[in-house]
Amino acid sequence: MAVTDRVQTPPSDTNQRPRTTHVKRLAFSQKVSTWDVKLSPYLYISPFFLLFAITGLFPLLYTAWVSLHEWNLIGGQGAFTGFENFQFVLSQPFFWNAVGNTFSIFLLSSVPQVVLAIAIAAVLDANLRARTFWRMGVLVPFVVAPVAVGLIFNNLFADQAGLFNEMLTGLGLEPVRWHADSLASHAAIATMVNFRWTGYNALIFLAAMQAVPRDVYEAATIDGAGRLRQFFSVTVPMLRPTIIFVVITATIGGLQIFDEARVFDQAGLGGADRQWQTLTMYIWELGWGQRNFGRASAVAWLLFLIIIIIAMANFLITRRIATQGGRR
């Protein structure tokens with residue numbers, strides 16, 4: 001009977017407590033690992049958003065607040081004016097002149113820039129000797145300071161004794177008034193922009209070209225396609241996402257051009273008749289020339305809206321082209 005009682009005796013509570021504690025610890029560790037998987041990616045990218053909130057979002061919102069007030073450099077914040085600064089700016093012919101100059105320089109710089117960058121990337125993607133040297137060489141203009149580029153090209157495009165006019169007169173042609181004619185000045189400034197940014201974009205396209213599978217080119221070669229046909233039928237379609245990215249970034253940078261146009265003459269106002277005054281130069285004139293930060297902030301926000309509209313239009317157009325090309 002004693003043996004039977006020992007067998008039928010239920011287990012004591014002391015034997016159950018460690019199992020419960022172990023289960024609780026296991027459940028807590030699983031929750032911690034789940035939180036780690038879910039929250040870690042956000043923690044990794046949080047520094048960017050924190051810096052953007054401090055250096056990007058806050059200045060943007062603060063500029064909107066300044067644009068709604070009378071605000072000058074000495075007195076600071078004044079009375080609340082609402083949208084009077086926007087109404088004043090939109091009624092000024094100098095604003096619309098700056099808008100036209102900005103779009104003209106943007107088109108003369110962005111379109112050739114993308115085309116030349118793709119062509120240069122295609123050459124660098126070929127089997128060249130000292131490929132690393134040439135690839136590093138196209139990035140040198142991007143490293144040069146914008147002010148230095150502006151001063152050098154300002155002398156090259158000088159009206160009296162510039163190198164380009166000397167070459168034109170040597171060929172028996174009339175010299176170009178680079179600092180007097182609007183279109184000539186826009187072309188000169190666009191040349192500076194292309195000089196700095198073409199190599200940078202070429203390296204972006206080169207990285208995209210190297211990501212294209214080589215089996216595709218081998219299949220195209222077997223089908224009898226030459227290099228030119230492979231470039232337009234294989235390379236360019238594969239570069240559509242990269243082209244969308246470069247076009248959007250070129251749009252944002254082209255509409256904010258300042259350095260090259262600012263140093264194109266000594267006064268820095270965009271010419272005697274404001275032939276090449278851009279929107280950013282007009283903002284600088286209102287803010288630091290007339291010391292009216294309210295109107296300058298209004299122009300800055302109008303420029304921000306223009307960039308958003310143009311960037312969205314470029315994105316929708318290029319995305320539609322890419323979708324149609326993929327279906328084909």
Taking the side chain as every heavy atom from C-beta outward, state whether Tyr282 and Asn97 have any atom pair closer than 4.5 Å.
no
Tell me, please, which residues at least two apart from Arg274 pass salt bridge (charged side-chain N to carboxylate O under 4.0 Å, His left out).
Glu285
Go through the structure and list residues passing ring-ring contact (aromatic ring centres under 6.0 Å, His included) with Phe264, not counting sequence neighbours.
His179, Trp276
Carefully, step by step, assess Leu57 and Phe52 under the rule side chain to side chain contact (heavy atoms under 4.5 Å, CB included).
CA-CA 6 Å; Leu57 184 60; Phe52 173 76; 4.1 Å; yes
Test of understanding: clusters of I, L, V, M, F, W, Y form through side-chain heavy atoms closer than 4.5 Å, transitively. Do Phe48 and Leu60 belong to the same one?
no
Can you tell me if CZ on Phe164 sees more than 12 non-hydrogen neighbours from other groups inside 6.0 Å?
yes
For Leu302 and Val89, the nearest pair of non-hydrogen atoms, with its separation, is CD1-CG1, 4.0 Å
Heavy-atom pair of closest approach, residues Gly150 and Val263
CA-CG2, 3.4 Å
Could you pull out all residues at least two apart from Arg177 that satisfy salt bridge (charged side-chain N to carboxylate O under 4.0 Å, His left out)?
Asp181
Give me each pair satisfying salt bridge (Lys or Arg N to Asp or Glu O under 4.0 Å) with a member in residues 189-206, each pair once, sequence neighbours excluded.
Arg196-Glu260
Whether the side chain of Asn155 engages the backbone of Gly162 through a donor-acceptor N/O pair (distance < 3.5 Å, no angle test) should be reported.
no
Pairwise distance CD1(Ile118) to CD1(Ile243) - rounded to 0.5 angstrom:
4.0 Å
Sub-3.5 Å donor-acceptor pair from the side chain of Thr198 to the main-chain atoms of Phe195, do we have one?
no
Is there a side-chain contact between Phe88 and Glu84, using heavy atoms and a 4.5 Å cut-off?
no
Which atom names give the shortest non-hydrogen contact between Glu166 and Ala161, and what distance separates them?
OE2-CA, 4.0 Å
Worked verdict on Leu124 versus Val138 for side chain to side chain contact (heavy atoms under 4.5 Å, CB included):
CA-CA 10 Å; Leu124 294 177; Val138 298; 4.1 Å; yes
Given side chains that start at C-beta, do those of Val234 and Tyr217 come closer than 4.5 Å, heavy atoms only?
yes
For a quick test of reading the model, state the closest non-hydrogen atom pair linking Ala187 to Leu108 and the distance between them.
N-CD1, 3.9 Å
So, the side chain of Ser110 versus the backbone of Leu107: is there a donor-acceptor pair under 3.5 Å, distance only?
no
Determine the interplanar angle of the Phe153 and Phe157 rings, folded into 0 to 90°, and report it as parallel if under 30°, tilted if 30 to 60°, perpendicular if over 60°.
parallel
Enclosure of Phe142 CZ (heavy-atom neighbours >12, cutoff 6.0 Å):
yes
Between atom OG of Ser297 and atom CG of Leu68, what is the distance when rounded to the nearest 0.5 Å?
9.5 Å
For Ala296 versus Ile283, what's the shortest heavy-atom pair and its separation?
CB-O, 3.7 Å
Report whether Val147 and Ile105 are members of the same hydrophobic cluster (ILVMFWY, side-chain heavy atoms less than 4.5 Å apart, transitive linking).
no
Exceeds 12 heavy-atom contacts within 6.0 angstrom, atom CZ of Phe258:
yes
Report the distance from atom OG1 of Thr191 to atom CD of Gln113, rounding to the nearest 0.5 Å.
11.5 Å
Evaluate the criterion side chain to side chain contact (heavy atoms under 4.5 Å, CB included) for residue pair Val114 and Phe205; output intermediate values, then yes/no.
CA-CA 9 Å; Val114 174; Phe205 285 122; 4.2 Å; yes
Sub-3.5 Å donor-acceptor pair from the side chain of Asn165 to the main-chain atoms of Val176, do we have one?
yes
Heavy-atom side-chain proximity of Pro175 to Leu168 below 4.5 angstrom:
no
So, for Trp178 and Ala184, which heavy atoms are closest and what is the spacing to 0.1 Å?
CE3-O, 3.4 Å
Please say whether more than 12 non-hydrogen atoms of neighbouring residues, nucleotides or ligands are located less than 6.0 Å from CZ in Phe80.
yes
Answer yes if Val143 and Val149 sit in the same cluster of Ile, Leu, Val, Met, Phe, Trp and Tyr residues linked by side chain heavy atoms under 4.5 Å apart, and no otherwise.
no
Shared hydrophobic cluster for Ile248 and Val111 (ILVMFWY, side-chain gaps under 4.5 Å)
no
Note, Ile152 side chain near Leu156 side chain (heavy atom, < 4.5 Å)
yes
Within the 4.5 Å heavy-atom criterion, are Leu171 and Met167 side-chain neighbours or not?
no
Verdict with reasoning, Trp301 to Phe304, per ring-ring contact (aromatic ring centres under 6.0 Å, His included):
CA-CA 5 Å; Trp301 253 88; Phe304 172 72; 5.2 Å; yes
Atom pair CG (Leu305) and CZ (Phe86), whose distance is rounded to the nearest 0.5 Å:
7.5 Å
Begin with the C-alpha distance, continue with both residues' side-chain angles, and end with the deciding distance and a verdict on side chain to side chain contact (heavy atoms under 4.5 Å, CB included) for Leu279 and Leu255.
CA-CA 8 Å; Leu279 281 171; Leu255 295 177; over 6 Å; no
Would the Trp197 and Tyr200 ring centres measure less than 6.0 Å apart?
yes
Under a 4.5 Å side-chain heavy-atom rule over Ile, Leu, Val, Met, Phe, Trp and Tyr, are Leu303 and Ile308 clustered together?
yes
Side-chain H-bond candidate by donor/acceptor type, Gln230 with Thr235, under 3.5 Å
no
Taking the ring of Phe293 and the ring of Trp71, is the distance between their centroids below 6.0 Å?
no
To the nearest 0.5 Å, atom CG of Leu90 lies from atom CG of Asn85 at 10.5 Å
Rounded distance (nearest 0.5 Å) linking atom CD1 of Ile257 with atom CG of Asn101:
11.0 Å
Hey, are the side chains of Asp265 and Asn154 touching, using non-hydrogen atoms and a 4.5 Å cut-off?
no
Any side-chain heavy atom of Ile189 within less than 4.5 Å of one from Thr278?
no
Ring pair (Phe, Tyr, Trp, His ring centres under 6.0 Å) partners of residues 103-126, not counting sequence neighbours, each pair once
none
Which residues satisfy the salt bridge (charged side-chain N to carboxylate O under 4.0 Å, His left out) test with Arg262, sequence neighbours excluded?
none
